[in-house]
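These notes are about the structure you will find just below.
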Number of protein chains: 2
Amino acid sequence: MKDNKKQKRILEVAEEEFLMKGFAGARTVEIAERAGVSHSMLHYYYKTKEQLFGHVMVEKLQRLKESVATVFMIEDMPVVEKVVELVVRHFEFLSENPDLPRFIINEMIVRPEYAEMMKREALPLLKDAVARLQRELDAAAKEGEVRTMEAATLLMDIVSVNLFSFIVAPILSSVKPDMDFQAYYHARCQENVQLILNRINPDIK
Amino acid sequence: MKDNKKQKRILEVAEEEFLMKGFAGARTVEIAERAGVSHSMLHYYYKTKEQLFGHVMVEKLQRLKESVATVFMIEDMPVVEKVVELVVRHFEFLSENPDLPRFIINEMIVRPEYAEMMKREALPLLKDAVARLQRELDAAAKEGEVRTMEAATLLMDIVSVNLFSFIVAPILSSVKPDMDFQAYYHARCQENVQLILNRINPDIK
DNA sequence: ATTTTGTTGAACAAAAATGTTAAACAATTT
DNA sequence: AAATTGTTTAACATTTTTGTTCAACAAAAT
């Protein structure tokens with residue numbers, strides 16, 4: 001038929017609702033309502049709330065995977081520049097999916113049944129990425145371009161500073177309601193790049 | 001009577017349940033059960049789930065305030081050492097309240113009615129802390145002890161790297177089930193201190 | 001043109017969760 | 001000793017939420 005427009009719409013709204021309110025907080029009737037379809041339609045396409053949630057999860061984990069995959073997509077380039085590129089790309093990914101991390105982390109803790117799924121989906125890729133980065137860092141360290149450090153630690157630093165920039169954004173905006181988000185994000189991304197540069201080589205800049 | 005032992009127990013369990021599952025996910029019957037009291041007892045002390053949640057919130061915001069207050073409790077001391085001390089104390093606070101931040105951030109987004117309360121409770125103190133730190137940083141910058149930087153940014157960096165160490169801990173432990181948490185936290189705290197030191201003065205160490 | 005698929009509405013069933021009540025009794029206070 | 005407060009049990013009422021069904025109709029596919 002008409003390309004399952006309504007089914008897609010349900011999924012879209014469900015994503016928003018689940019991300020905002022979590023599994024327990026979201027309401028199927030509200031999802032249907034906001035999606036502009038009848039209550040029965042929702043159950044026509046998705047038997048249960050659980051199933052609908054499953055679809056959202058799969059979709060989201062897909063994006064998380066893509067996020068990790070950006071590490072590989074960076075072609076041959078000096079490791080320092082590569083790290084900067086990594087920070088920026090990760091930051092951009094978060095700009096487009098600002099509340100994905102909060103959602104994932106929460107549902108992993110609140111609903112351990114999904115932790116397994118996430119491990120299967122995202123971990124192998126991540127491990128590979130860490131191993132590659134480690135090799136490059138070690139090589140650069142031999143040349144004295146960067147200090148010796150663990151790739152896993154570096155990645156954690158990158159993710160943590162970037163993530164936090166987004167997690168606190170709603171709090172900051174409630175403090176300063178007239179806050180300029182664009183300017184904030186721009187400044188924050190640069191701050192984060194700086195911080196990570198300092199981290200891999202205290203002598204840079 | 002016997003010092004409201006049961007009432008306290010209910011609150012304790014409610015805290016755990018709300019922190020783990022959020023307001024929407026927690027169940028009053030389960031709280032009563034786990035607290036070892038009857039269902040009616042719970043409603044005897046706390047009319048509604050909402051009210052019980054309110055008590056938990058107040059308690060938690062109190063701790064958050066105390067966390068912020070540590071900034072003031074640090075006596076006269078060179079600003080660099082003070083910052084190190086700050087990182088360590090904040091890290092220790094998180095060790096004792098590992099899922100408080102996730103809970104607070106979540107409920108702020110999911111239940112905006114509590115955001116107001118949090119602002120009233122924690123923000124004035126925080127603003128004061130930032131202003132004080134800024135003055136000290138500026139003074140130290142004049143002496144060339146640290147680079148010029150915004151106190152708010154520094155605090156954000158501290159909170160973000162510390163927070164993240166805790167947020168990822170459950171994920172890491174699911175990857176390596178035999179992981180040594182004690183060792184992890186110890187290493188992580190030192191890494192974070194290093195990172196922040198680099199941040200305020202790239203020439204240190 | 002007919003069959004299948006999508007869609008609604010409205011009512012309804014079932015389940016889950018919250019909140020209430022009353023009787024009985026125990027412990028504590030006054 | 002009497003009154004108050006804490007506590008349980010167990011039933012029940014209420015509300016909220018999820019999930020079902022069915023009749024009717026629209027749109028698309030065959």
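In what follows, every heavy atom counts, from backbone to side chain, and hydrogens, waters and symmetry copies are set aside. Residue numbers start from 1 in every chain, and the chains themselves are labelled A, B, ... in the order their sequence lines are given, proteins ahead of strands.
- The aromatic rings of B/Y185 and B/F166 lie parallel to each other, their planes meeting at an angle below 30°, with 60° marking the opposite boundary.
- Contact record, A/A35 with A/I10: CB-CA, 4.0 Å, taken as the closest heavy-atom pair.
- In this structure, B/S40 reaches the bases: a heavy-atom distance under 4.0 Å links it to at least one base atom across the strands shown.
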Could you go through residues 37-44 of chain B and list every donor-acceptor pair under 3.5 Å that involves a side-chain atom there, pairing it with any protein atom two or more places apart or in another chain?
residue: B/S38; atom: OG; partner: B/M41; partner atom: N; Å: 3.3
residue: B/H43; atom: ND1; partner: B/K47; partner atom: O; Å: 3.1

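- Between A/Y44 and C/dG6, a side-chain N or O to OP1/OP2 separation shorter than 4.0 Å is present.
- Nearer the 5' end of DNA chain D, as judged by each residue's closest nucleotide, is the contact made by B/V37, out of A/T48 and B/V37.
- Ring planes of B/H55 and B/Y46: perpendicular class, angle over 60° (limits at 30 and 60°).
- The two residues A/L163 and A/L94 make their nearest non-hydrogen contact at N-CD1, 3.7 Å.
- In this structure, the nucleotide among C/dT8, D/dT8, D/dT18 sitting nearest to the side chain of A/K6 is C/dT8.
- Near DNA chain C, meaning a heavy atom under 4.0 Å away, the residues from residues 17-27 of chain B are B/A26, B/R27.
- The side chain of A/Y45 contributes an N or O atom lying less than 4.0 Å from OP1 or OP2 of C/dT7.
- Rounded to an integer number of Å, the gap from NE2 of B/H43 to P of D/dT5 is 22 Å.
- Nucleic acid contact class of A/V29 (heavy atoms, under 4.0 Å, all strands): base.
- Under 3.5 Å, the side chain of A/H39 and the base of C/dG9 form no donor-acceptor pair of N or O atoms.
- Using a 4.0 Å heavy-atom cutoff across all strands shown, B/S38 reaches at least one base atom of the nucleic acid.
- With ring centers used as reference points, B/F18 lies under 6.0 Å from B/F53.
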